[in-house]
Amino acid sequence: MNDLLDSLNPEQKAAVTLGEKSALILAGAGSGKTRVLTSRIAYLLQSDMAYPSEILAVTFTNKAAKEMLTRLSTMMPVNVRAMWVGTFHGLCNRMLRLHHNEAGLPASFAILDQSDQLSAVKRIMKANGISDEEFKPREVQNYINRCKEEGLRAKDAPINFQRGSAFREIYDLYEKILIREGACDFAELLLRSYELLKNHPLILEHYQNRFHFILIDEFQDTNKLQYRWIKLLSGIGEPGRRPNSVFAVGDDDQSIYAFRGANVGNMQDFVREFKIGEPIRLEQNYRSQGNILDAANGLIANNSQRLGKKLWTEAGEGDKVRVYSAPSDVDEAAYVVDTVKEYADLGTPYKEMAILYRSNAQSRVLEAEFTRRGIPYSVYGGLRFFDRAEIKNAISYMRLAENTADDSAFLRVVNLPARGIGAKTIETLINFAGDNGISLYDACGYAKGAAAAKLEVFRAIIEDLREKKDELPLSKFVDYTVEKSGLKEMYELDPNGSERLENLRELTSAATGYVDAEAIDEEDEEESVRDENMTALQGFLSHASLEAGENQAKADQDAVQLMTVHASKGLEFNLVFITGLEDGLFPHGNSMGSNKDLEEERRLMYVAITRARKNLYITLAERRMLHGTTRYSSQSMFLRELPEENLKWLSKPGYTDSDDSDDYSSGGSGYGFARGSKFSRRGSSDWSNNNYRESGRTYNSNMPEWAKGILGGKLEKQQENKIRAKIDNGSPYKSGDRLLHEKFGAGTVLSTKGVGEELVLQIKFDRSGVKDLLYRIAKKKISDL
DNA sequence: CTCGGTCAGTTTTTT
DNA sequence: ACTGACCGAG
């Protein structure tokens, strides 16, 4: 116990030894957050304040959960089994499997990941004659998820001014179909679990009485629904109940998931609703050298919405942050790899080096360069194992064996390998199933003619798998599925299929590994981890959807780590490169419209900087190939926000620390590329309009003067057209006009709002009620009456 | 009706 | 480079 506390600084110790009151710990980057969390759990157990079964710990990633348990086991012998530790999604899944009846789900409900969900949305839109040009499936998906995160079912979902009620109607259809299929998307796991607790007082009470200590990591990244889930479990505000202790750890400066519904406001709400006096601030940084930390502090000071926190370190100043501007993305990659080589020669292990980028697309050039130079690297994230097509195919067969109503899985593999079941048969099937409210699988039984025989072949395969799933051990079943489905043969015949076969073999190992891990967990424990009603197959399928990431296998090899900035959160390296510091890329172009989004980008940059322990390099390219286009950009506004005194500008590769002769200063103005660059921009810091795009091939050198003129002209013209469109209302309909819509029938225009692209008609339809329709979209569907 | 080939548009980040 | 749409052959 003393060992446990002695190694902590006063603030950390204060946090760890808190009583049962709820608390908020503001833990800056590198301030020992994970340590505080695990020490807190160890403290609760060692001081007999809690039994393991009273502890509920929520982490942001599965990896963090695993790490917490590993660290805890090294601190003390602990009955890990009895605690509930995992992500919100993992814990909700666990709860739903246990109470699936009360939650209104079949025992074998499927989990749809992001891409499954997107195809489901597309499918439903198609089946209902809604074109994906009219409403982008991705936007519909976002809308549905946003609604669920707000706790809203389709009937309560908001109508959007621009799109009328169309999104809500799709959501409604989606909701019904998922219930029929017995499938849950990610957000549904949370919402259903929340509703389960809300609607079943006895179940809620059971968990409230059990989890006296609730710990939450990365609290700044929780969404509103997750907060409400926690609030419910804590029992706060319930008369006559002593609320459970909620120990929330977070850092508002590292909130980078707002795009996914994360709500930093949860921190303020938590302080208010749980009556937290003053949060405990952990500001001493044990990770980075002074210059790196000062750069991070300087940058984040530009954000307005902050709880306020300033990191400090006892470590020395260290080296300045190096900034290197390359003429092109290829040169940038070459510079990075050269520098990696230099550090490696001086003794830094490859795995202590990380290359960070804003978007996945940037990894390609870097990978090419690493490959060319023969330096080991491993890409973190990117395409995950369980996201690979061949793996998803095999998993889909298993999902069908588990739950034949899983239409997503059905559609993926019904004709894979090809069995002569084409688009027409499937369309007929979808219509029949839709009209009769049955699954596609069940609809097969009603097929007629030639299609019937072909569908029967598929059905026979699934029926066979259904029998075998209970007979065979999991890994044997995986093998059997790959064989029986015909996938094995298909990839054997494919000249490029060997890697895919290899991956399928790895799926078998993954299954073996999964079963073994569960067995070890259960060894010394009378209470099974896997809940009584979850079979190994169900567990494995959940695992495939929820833990689709974490390339753990590669972790021990000595390789340079390539990853997005998002993926780097929580990690640290001796040497870090942050690449692509160009306006439009970082901050990303889609985020430069609003200050709120821009502040999130800045936090992202803050996260990136604070990954570095000893050395940090920031690089950028004046020209870059992206999506088959060469784009020219100016330097990121974030570079100008970094304190000058912490930076050192470099130019050409081959630079060494002791040689200052090619040291380029960015100069007093702080704008533009390094002095000497043909691309220096002077004067205005207006970043909204200085990316030039031209489709076609790469230029040999910097963009010629004449091209700038022409392209600039094009942009002006476009702008002009936009403005013109805005001035001109151009509504072909006035209030009182009658019109005919192909879906909603006849109606009367009540009013028009907006102009040009934004023109919205409010129409009272004779049979479908009042709707707001965006004219730009509706015009294809309406005619005069 | 199905299949395999070609072509265009594409992506910011992820449990 | 990965997917979805389209087209002509069987």
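Just so we're on the same page: letters track the sequence lines, and every chain starts at 1.
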**Q** Nearest whole angstrom, please: distance from the C1' of dT14(B) to the NZ of Lys569(A).
**A**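 Taking NZ of Lys569(A) and C1' of dT14(B), I get 11 Å after rounding.
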
**Q** Cation over ring, Arg97(A) on Phe109(A), under 6.0 Å and within 45°?
**A** yes

**Q** For the side chain of Arg260(A), counting heavy atoms from C-beta on, which of dT11(B), dC3(B), dT14(B) is nearest?
**A**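 Nearest listed nucleotide: dT14(B).
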
**Q** Under 4.0 Å: is that the gap between some side-chain N or O of Thr425(A) and OP1 or OP2 of dC1(B)?
**A**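 Answer is no, no contact under 4.0 Å.
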
**Q** Tell me which nucleotide among dC1(B), dG4(C), dT13(B) gets nearest to the side chain of Asn360(A).
**A** dT13(B)

**Q** Within this structure, what is the CD1-to-P distance between Ile421(A) and dC3(B), rounded to whole angstrom?
**A**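 Atom-to-atom, Ile421(A) to dC3(B), this comes out as 8 Å.
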
**Q** Check whether Asn302(A) reaches the backbone of Leu299(A) with its side chain - one donor and one acceptor, N or O, closer than 3.5 Å.
**A**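 Here the side-chain-to-backbone pair exists.
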
**Q** Starting from P on dT13(B), measure out to CD on Gln220(A) and report it in whole angstrom.
**A** 20 Å

**Q** What's Ala423(A) touching, base or sugar-phosphate or nothing? Going by heavy atoms closer than 4.0 Å.
**A**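 The residue Ala423(A) makes sugar-phosphate contact but no base contact.
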
**Q** Can you tell me which nucleotide in dC3(B), dA1(C), dT14(B) comes closest to the side chain of Asn415(A)?
**A** dC3(B)

**Q** Would Ser359(A) and Gln362(A) count as having a side-chain donor-acceptor pair, cut-off 3.5 Å?
**A**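 Distance-only check passes for Ser359(A) and Gln362(A).
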
**Q** Quick one: Arg419(A) CZ to dC1(B) P, roughly how many Å, whole number?
**A**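 Value for this atom pair: 20 Å.
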
**Q** For DNA chain B, whose closest nucleotide is more 5', that of Lys424(A) or that of Phe60(A)?
**A** Lys424(A)

**Q** Between Gly420(A) and Thr87(A), just flag the one whose closest nucleotide in DNA chain B comes earlier from the 5' side.
**A** Gly420(A)

**Q** Taking only side-chain N and O atoms of Thr564(A), does any of them lie within less than 4.0 angstrom of OP1 or OP2 on dT14(B)?
**A**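 So the side chain of Thr564(A) is within the cut-off, an N or O lying under 4.0 Å from OP1 or OP2 of dT14(B).
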
**Q** Could you tell me how far apart Asp387(A) (CG) and dT14(B) (C1') are, to the nearest whole angstrom?
**A**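 It is 10 Å, rounded to the nearest whole Å.
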
**Q** What is the distance from NE2 of His588(A) to P of dT11(B), rounded to the nearest Å?
**A** 11 Å

**Q** Do the side-chain N and O atoms of Lys569(A) and Thr61(A) include a donor-acceptor pair separated by under 3.5 angstrom?
**A**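 Note: Lys569(A) and Thr61(A) side chains miss the donor-acceptor criterion.
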
**Q** Round to a whole Å and report the spacing from CZ of Arg388(A) to C1' of dC2(C).
**A** 14 Å

**Q** Please tell me whether Gln117(A) and Asn145(A) have a donor and an acceptor in their side chains that are separated by less than 3.5 angstrom.
**A**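 Yes - a donor-acceptor pair under 3.5 Å links their side chains.
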
**Q** Which of the following nucleotides, dC3(B), dT14(B), dG4(C), is nearest to the side chain of Lys122(A)?
**A** dG4(C)

**Q** NZ of Lys136(A) versus C1' of dG9(B): gap in Å, rounded?
**A**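 Rounded to whole Å, this separation is 12 Å.
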
**Q** Output yes if the stacking criterion (under 5.5 Å between centres, under 30° between planes) is met for Phe259(A) over the base of dT13(B), else no.
**A**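 Yes, Phe259(A) stacks on the base of dT13(B), since the ring centres sit under 5.5 Å apart and the planes are within 30°.
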
